[in-house]
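To keep things clear, I will list the structure first and then write my remarks on it.
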Amino acid sequence: MAQLRIALAQTNPAVGDLTANAERLVAWTRDAADRGAHLAVFTEMFLTGYPVEDLVLRTSFVEASIRTLEETAARLEREGLGHLPVVVGYVDRAGLAPRVGQPKGAPLDAAALLHEGRVVTRTAKHHLPNYGVFDEYRYFVRGDRLPIFRLHGVDVAIAVCEDLWQDGGPVSVVGQAGAGLLVVPNASPYEKEKDDVRLELVARRAREAGCALAYVNQVGGQDELVFDGDSIVVDASGALVARAGQFREELLVVDLDLPVSTAATGAFPYDAGDGTTIAVDRFVVSSEPVEPYAPEPGVIAERLDLPAEVYSALVLSVRDYVAKNGFQSVILGLSGGIDSALVATIASDAIGPSRVHVALMPSRYSSDHSVSDADELVRRQGIHARVVPIADIVTAYEKEIDLSGLAAENLQARVRGMILMGLSNEHGHLVLTTGNKSELATGYSTLYGDSAGGFAPIKDVPKTMVWELARWRNAHTCPGFLLDADRPIPENSIVKEPSAELRPDQRDTDSLPPYEVLDRLLDDYVEKDMGSRELIAAGHDPALVARVIRLVDLAEYKRRQYPPGPKITPKNFGRDRRLPITNRWRESAG
């Protein structure tokens, strides 16, 4: 057996900022070298950030990615780091002639090995995901090679992200080729309770390949996606050796005892088990095992419970959206209700209360407790607040146009949206909307009113989970949260009956079923795509099924115009769920 110390760089790249990402690679490689690593592994498409979406269709962008890769290899050598092999993801281009249906320029979701100032080998993702949030058939062509390089006597293979999640392909070939270690750069987005699925997958693939497996995952927010890290190392039996934390950057360093290889070098074709052939390129970086040394014990980070991981995902998403888009502050409407209270708290934890601004905009229907609850949250958190009463503004509108019923209610919400957008324009704040997933599903929001804004932190959070997160945050904190306050959300905001307060004595239950009933039905209809008969068979009330389906289907045009927000469920409104607005299909219970 031979010893090998690997360093997994669980890092937070910025999409499109190739220069800054390359700087980070050099800094983290230096850290890995200082800690005695023999191999450093970065995440999928680290140099370009992930996902780059239609940027990959620009020739200039792909060329910049390839150029940055080569320049980074040379820079590592100049700075005395060339001796440390580095695996890193980037965008490459296949040498294919153009054809119909092929992405422009034939881009590749690629990974490369950098060593001694040059790009030693390149490979690309074999399986291209085309489900959920992924559109990779639109952007990439598939790779057909598997590099296996000998490092200090150990054969190390490289596969990319989805190649681990699908049967056959590179992982199947690794098992045939007999590598001692498989390293897998990933950009695997977060959704709740996914970490256990990952661990089981990584363990199973290690057993199938018959070798240790190092899975390194991206961390950070990128528009609607949040990446949670959770990098994992297992041995050939699938036993957990080391695991990084969630929602934080970390260099996970782990020592492994691996088999010494005597396999012949060269190129050999293998059946990938999925109807394709993969060429294995074997070559030597270094053949002699390292001198025996005292290994460091593997670190296994403690897992977060469900409310902690969801809340941490929301905080990280807001922090990165603000930072990566150049905002200095945020603003939201604070009503005294639970949704705006939770969003304000997430924002304070993400960027600090000194950068959070709220507007209290009471109307003629606002209750005394709503104003006092909002004031109490401002006092507890130390955020910036201003009061802008809207009664006279609404009255001025009503003098010029006769509105009644729902139109009159929506006018109040639109006045509030106009005020927030005006303050945003004046001071450069990012407007945070405060609607939750239950409201967004049923259309219980006002277009150009409470839906006006730039980012929607709880867009994918059902109402019942909003309460759960608020209670959790009042009882807990986590390292990295920037709000230092005891029980930051007033208890009355949590326990009182929810109301939009757009008419006298209004309650959400005037328009919607109780949220605990509604959220169970929405989960089956939206997340699980059940039809009417399936919903009724699952125990939902037939009349409620018909009513809620109608609300959800008719609100598609509203959701299409809603700001982006972080995905935390298996199926968010946005990248995951794409339905036509103009659509005459209606579910039938018959």
Subject >> Within 6.0 angstrom of Asn425 CG, more than 12 heavy atoms from elsewhere >> reply: yes
Subject >> Taking every non-hydrogen atom, the tightest pair across Asp373 and Pro490 >> reply: O-CG, 3.5 Å
**OP:** Evaluate the side-chain hydrogen bond (donor to acceptor under 3.5 Å, both in side chains) criterion for residues Asn217 and Tyr190: first the C-alpha distance (whole Å), next the side-chain angles of each, then the deciding distance (0.1 Å), finally the verdict.
**Re:** CA-CA 10 Å; Asn217 192 32; Tyr190 169 75; over 6 Å; no
Subject >> Interatomic distance, Arg550 atom CZ to Glu587 atom CD [nearest 0.5 angstrom] >> reply: 15.0 Å
**OP:** Evaluate the side-chain proximity of Phe481 to Ser348: yes if any heavy-atom separation is below 4.5 Å, no if none is.
**Re:** no
Subject >> Pairing residues for Lys125 by the side chain to side chain donor-acceptor pair (under 3.5 Å) criterion, not counting sequence neighbours >> reply: Glu44, Asp109, Glu136
Subject >> Check: Gln10 and Leu252 side chains under 4.5 Å, non-hydrogen atoms >> reply: no
Original post:
Could you give the distance from CG (Asp524) to CG (Leu535), rounded to the nearest 0.5 Å?
Top reply: 6.0 Å
Subject >> Donor-acceptor contact present, side-chain Asp541 to main-chain Leu544, <3.5 Å >> reply: yes
Original post:
Should we say atom CG of Asp402 is surrounded by more than 12 heavy atoms from elsewhere, each under 6.0 Å from it?
Top reply: no
**OP:** Evaluate the criterion side-chain contact (heavy atoms from CB on, under 4.5 Å) for residue pair Leu432 and Tyr321; output intermediate values, then yes/no.
**Re:** CA-CA 11 Å; Leu432 301 180; Tyr321 194 88; over 6 Å; no
Original post:
Is any NZ, NE, NH1 or NH2 atom of the basic residue among Asp167 and Arg205 found under 4.0 Å from an Asp or Glu carboxylate oxygen of the other?
Top reply: yes
Subject >> Polar side-chain atom of Glu556 near backbone of Asp553 as donor-acceptor pair, under 3.5 Å >> reply: no
**OP:** State whether the number of non-hydrogen atoms from other residues, nucleotides or ligands found under 6.0 Å of Arg560 atom CZ is greater than 12.
**Re:** yes
Subject >> Between NZ on residue Lys437 and CD1 on residue Ile568, distance to nearest 0.5 Å >> reply: 7.0 Å
**OP:** Nearest 0.5 Å please: distance from the CG atom of Leu430 over to the CD atom of Gln328.
**Re:** 11.5 Å
Original post:
Closest approach of Ser493 and Gly336, non-hydrogen atoms and distance?
Top reply: OG-O, 2.8 Å
**OP:** Could you tell me whether a side-chain N or O of Arg414 sits under 3.5 Å from a main-chain N or O of Leu447, the two making a donor and an acceptor?
**Re:** yes
Original post:
Taking it one step at a time, do Arg559 and Val552 satisfy side-chain contact (heavy atoms from CB on, under 4.5 Å)?
Top reply: CA-CA 10 Å; Arg559 289 189 290 272; Val552 173; 3.9 Å; yes
**OP:** May I ask you to test the Asn12-Lys324 pair for a side-chain heavy-atom distance under 4.5 Å?
**Re:** yes
Original post:
Under 3.5 Å, side chain of Ser317 to main-chain N/O of Ala313, donor-acceptor pair present?
Top reply: no
Original post:
So how far is it from Asp460 CG to Asp576 CG, rounded to the nearest 0.5 Å?
Top reply: 8.0 Å
Original post:
Does atom CG of Asp484 have more than 12 heavy-atom neighbours, drawn from other residues, nucleotides or ligands, at distances under 6.0 Å?
Top reply: no
Original post:
Counting only N and O atoms by type, is there a donor-acceptor contact under 3.5 Å from the side chain of Glu516 to the main-chain atoms of Thr464?
Top reply: no
Original post:
Under a 4.5 Å cut-off applied to non-hydrogen side-chain atoms, are Leu483 and Arg473 in contact?
Top reply: yes
Original post:
Is a donor on one side and an acceptor on the other found under 3.5 Å between the side chain of Gln561 and the backbone of Tyr557?
Top reply: yes
Subject >> Residues that His384 engages under side chain to side chain donor-acceptor pair (under 3.5 Å), provided they are two or more places apart >> reply: none
Original post:
Applying the side chain to side chain contact (heavy atoms under 4.5 Å, CB included) test to Leu411, which of Leu403, Ile390, Ile401, Ile393 qualifies?
Top reply: Leu403
**OP:** Identify the two heavy atoms, one from Leu420 and one from Ala359, that lie closest to each other, and give their separation to 0.1 Å.
**Re:** CD2-CB, 4.0 Å
Original post:
Going through the checks in order, is the side-chain hydrogen bond (donor to acceptor under 3.5 Å, both in side chains) test met by Ser335 and Ser340?
Top reply: CA-CA 6 Å; Ser335 68; Ser340 62; 3.3 Å; yes
**OP:** May I ask you to decide if Met361's main-chain N or O and Arg416's side chain share a donor-acceptor pair within less than 3.5 Å?
**Re:** yes
Subject >> The single option from Asn186, Leu201, Asp230 passing side chain to side chain contact (heavy atoms under 4.5 Å, CB included) against Tyr215 >> reply: Asn186
Original post:
With distance as the sole test, does Asn436 use its side chain to make a donor-acceptor pair with the main-chain N or O of Pro462 at under 3.5 Å?
Top reply: no
**OP:** Before giving the answer on side-chain hydrogen bond (donor to acceptor under 3.5 Å, both in side chains), spell out for Thr569 and Glu527 the whole-Å C-alpha distance, their side-chain angles and the decisive distance to 0.1 Å.
**Re:** CA-CA 8 Å; Thr569 68; Glu527 307 284 337; 3.3 Å; yes
Original post:
Nearest 0.5 Å, what's the CZ-NE2 distance between Arg386 and His357?
Top reply: 10.0 Å
Subject >> Arg138 and Asp54, any side-chain heavy atoms less than 4.5 Å apart >> reply: yes
Original post:
Under 4.0 Å between a Lys/Arg side-chain N and an Asp/Glu carboxylate O for Asp529 and Arg577?
Top reply: no
Original post:
Is the shortest distance from a Lys or Arg side-chain nitrogen in Glu200 or Arg204 to a carboxylate oxygen in the other one below 4.0 Å?
Top reply: yes
**OP:** For Leu360 and Asp375, run side-chain contact (heavy atoms from CB on, under 4.5 Å): C-alpha distance rounded to whole Å, both residues' side-chain angles, the deciding distance at 0.1 Å, then the answer.
**Re:** CA-CA 9 Å; Leu360 284 64; Asp375 283 336; 3.3 Å; yes
**OP:** Could you tell me whether Phe455 and Phe327 have their ring centroids closer than 6.0 angstrom?
**Re:** no
Original post:
Run the side-chain contact (heavy atoms from CB on, under 4.5 Å) check on Leu482 and Arg355 step by step: do they pass?
Top reply: CA-CA 11 Å; Leu482 300 182; Arg355 298 170 64 191; over 6 Å; no
Original post:
Would Arg364 and Glu398 pass as an ion pair if we require N to O under 4.0 Å?
Top reply: yes
Original post:
Do you know which two heavy atoms are closest between Asp228 and Val219, and how far apart they sit?
Top reply: C-CG2, 4.1 Å
**OP:** Start with the C-alpha distance between Asp339 and Thr434, add both sets of side-chain angles, then the distance that settles side-chain hydrogen bond (donor to acceptor under 3.5 Å, both in side chains), and finish with yes or no.
**Re:** CA-CA 6 Å; Asp339 294 325; Thr434 60; over 6 Å; no
**OP:** Examine distances only and state if a side-chain atom of Arg319 and a backbone atom of Asp349 form a donor-acceptor pair shorter than 3.5 Å.
**Re:** yes
Original post:
Heavy atoms, side chains only, cut-off 4.5 Å: are Ile346 and Ile458 in contact?
Top reply: yes
Original post:
Looking only at heavy atoms, what is the nearest atom pair of Ser231 and Leu8, with distance?
Top reply: CB-CD1, 4.4 Å
Original post:
Are Asp223 and Arg575 close enough for a salt bridge, meaning some N to O gap below 4.0 Å?
Top reply: no
**OP:** Might you work through the salt bridge (Lys or Arg N to Asp or Glu O under 4.0 Å) test for Glu376 and Arg380, ending with a clear yes or no?
**Re:** CA-CA 6 Å; Glu376 176 64 15; Arg380 293 186 186 194; 2.9 Å; yes
Original post:
Thinking salt bridges, do Lys567 and Glu191 make one under a 4.0 Å N-O criterion?
Top reply: yes
Original post:
Taking all non-hydrogen atoms of both residues, which atom of Ala159 and which atom of Pro185 are closest, and how far apart?
Top reply: O-CD, 2.9 Å
Subject >> Under 3.5 Å donor-acceptor, His476 side chain and Trp472 backbone >> reply: yes
